[in-house]
Amino acid sequence: MTFKQKIHQHYQQLVQDKIDVFKDMIVALTEDSKNDAKGSAGDKHETALSMMHIEQEKLNHKLKEVLAQKAILDKIDSTTIAQTIIVGSLVKANGIYLYLSAALPKIAVEGINVIALSPQSPLGNKLMGNKVGFTFEINGTKYLVESLE
């Protein structure tokens with residue numbers, strides 16, 4: 001398995017774990033609201049149910065965001081090596097590994113830090129469609145694309 005494939009697999013697992021956590025939290029809230037409905041009455045009951053409903057809506061919104069990230073990762077073929085930077089490219093610029101996919105947390109694979117970024121981000125947008133040797137500047141920092149997988 002290549003370094004890029006390991007990174008892709010790591011991000012897929014990270015996103016799947018988030019999905020599982022959000023689904024579990026939503027199920028737990030649903031169960032709590034059912035149990036609360038059986039034993040309570042009055043304004044306190046209505047307030048508690050309302051708060052649970054608001055929390056459930058927040059969790060559903062977060063779940064949709066993570067499912068969108070999963071959809072992006074699922075479309076990427078981590079075995080593809082393009083000549084220009086595309087979604088799914090692993091770019092090394094200024095010694096930093098950047099994985100163009102979705103905006104996800106920084107991870108370490110084989111002791112090497114990797115940052116996943118969205119092609120819509122300022123840095124991702126600058127990189128898209130370019131090749132090894134491309135130089136550019138963002139916020140006063142000059143970057144050089146050293147390698148591409």
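This chain uses plain numbering: 1 for the first residue, then up along the sequence.
Within 6.0 Å of atom CE in Met25, 12 or fewer heavy atoms from other residues, nucleotides or ligands are found, so the atom counts as exposed in its surroundings. The environment of Glu57 atom CD is dense: over 12 non-hydrogen atoms of other residues, nucleotides or ligands sit within 6.0 angstrom. The environment of CD in Glu110 is crowded: more than 12 heavy-atom neighbours from other residues, nucleotides or ligands sit within 6.0 Å.
The heavy-atom pair separating Phe134 from Lys126 by the smallest distance is CE2-O, 3.5 Å. For the pair Lys18 and Val66, the tightest heavy-atom approach, listed with the atom from each and the gap, is CB-CG1, 3.8 Å. Across all their heavy atoms, Leu144 and Asn94 have their closest contact at N-OD1, 2.9 Å. For the pair Lys131 and Gln83, the tightest heavy-atom approach, listed with the atom from each and the gap, is CG-O, 3.5 Å.
Looking at Pro105 and Leu14, their side chains come closer than 4.5 Å, going by heavy atoms from C-beta outward. You'll find the side chain of Gln12 reaches within 4.5 Å of the side chain of Asp74, heavy atoms only. Considering only heavy atoms from C-beta on, Lys70 comes within 4.5 Å of Ile19 through its side chain. Contact of the Lys23 side chain with the Leu63 side chain is registered, since non-hydrogen atoms from C-beta on lie closer than 4.5 Å. Between Ile107 and Asn113, every side-chain heavy-atom pair lies at or beyond the 4.5 Å cut-off.
Put simply, NZ on Lys6 and CG on Leu90 are 13.0 Å apart, with the number rounded to the nearest 0.5 Å. Note that CG of Asn130 and OG1 of Thr84 are 8.5 Å apart. Values are rounded to the nearest 0.5 Å. One distance of note links OG of Ser101 with CD of Gln69; it measures 8.5 Å at 0.5 Å rounding. The line from OG of Ser78 to CD of Glu149 is 10.5 Å long, rounded to the nearest 0.5 Å. How far OG of Ser89 is from CG of Leu148: 5.0 Å, rounded to the nearest 0.5 Å. In this structure, the separation between CG on Leu127 and OH on Tyr143 is 9.5 Å, given to the nearest 0.5 Å.
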Worksheet item: Between Leu73 and His8, is a side-chain contact (heavy atoms from CB on, under 4.5 Å) present by the stated rule, with each step listed?
Response: CA-CA 8 Å; Leu73 288 172; His8 185 74; 4.1 Å; yes
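Defined by atom type and a distance below 3.5 Å, a donor-acceptor pair is missing between the side-chain atoms of Asn60 and Gln56. Side-chain atoms of Asp77 and Thr79 include a donor-acceptor pair closer than 3.5 Å.
In the hydrophobic clustering of ILVMFWY residues, with side-chain heavy atoms under 4.5 Å counting as a link, Ile86 and Ile115 come out apart. Val132 is connected to Leu98 through a chain of hydrophobic side-chain contacts under 4.5 Å among Ile, Leu, Val, Met, Phe, Trp and Tyr, so both are in one cluster. Under a hydrophobic-cluster definition in which Ile, Leu, Val, Met, Phe, Trp and Tyr are linked whenever side-chain heavy atoms come within less than 4.5 Å, directly or via other members, Ile85 and Phe136 are assigned to the same cluster.
At distances below 3.5 Å, at least one donor-acceptor pair connects side-chain atoms of Glu146 with backbone N or O atoms of Gly95. Checking side-chain atoms of Thr30 against main-chain N and O of Ile26 turns up a donor-acceptor pair under 3.5 Å. Gln5 contributes a side-chain N or O that, together with a main-chain N or O of Thr2, makes up a donor-acceptor pair within less than 3.5 Å. A side-chain donor-acceptor contact under 3.5 Å links Lys4 to the backbone of Gly88.
Using the six-membered ring where Trp is involved, Tyr99 and Tyr11 have ring planes that are parallel, under 30° apart on the 30 and 60° scheme.
Ring centroid separation for the pair Phe3 and Tyr97 comes in under the 6.0 Å cut-off.
Screening Ile76, Leu100, Thr80 against Val87 for a side chain to side chain contact (heavy atoms under 4.5 Å, CB included) leaves a single residue, Ile76.
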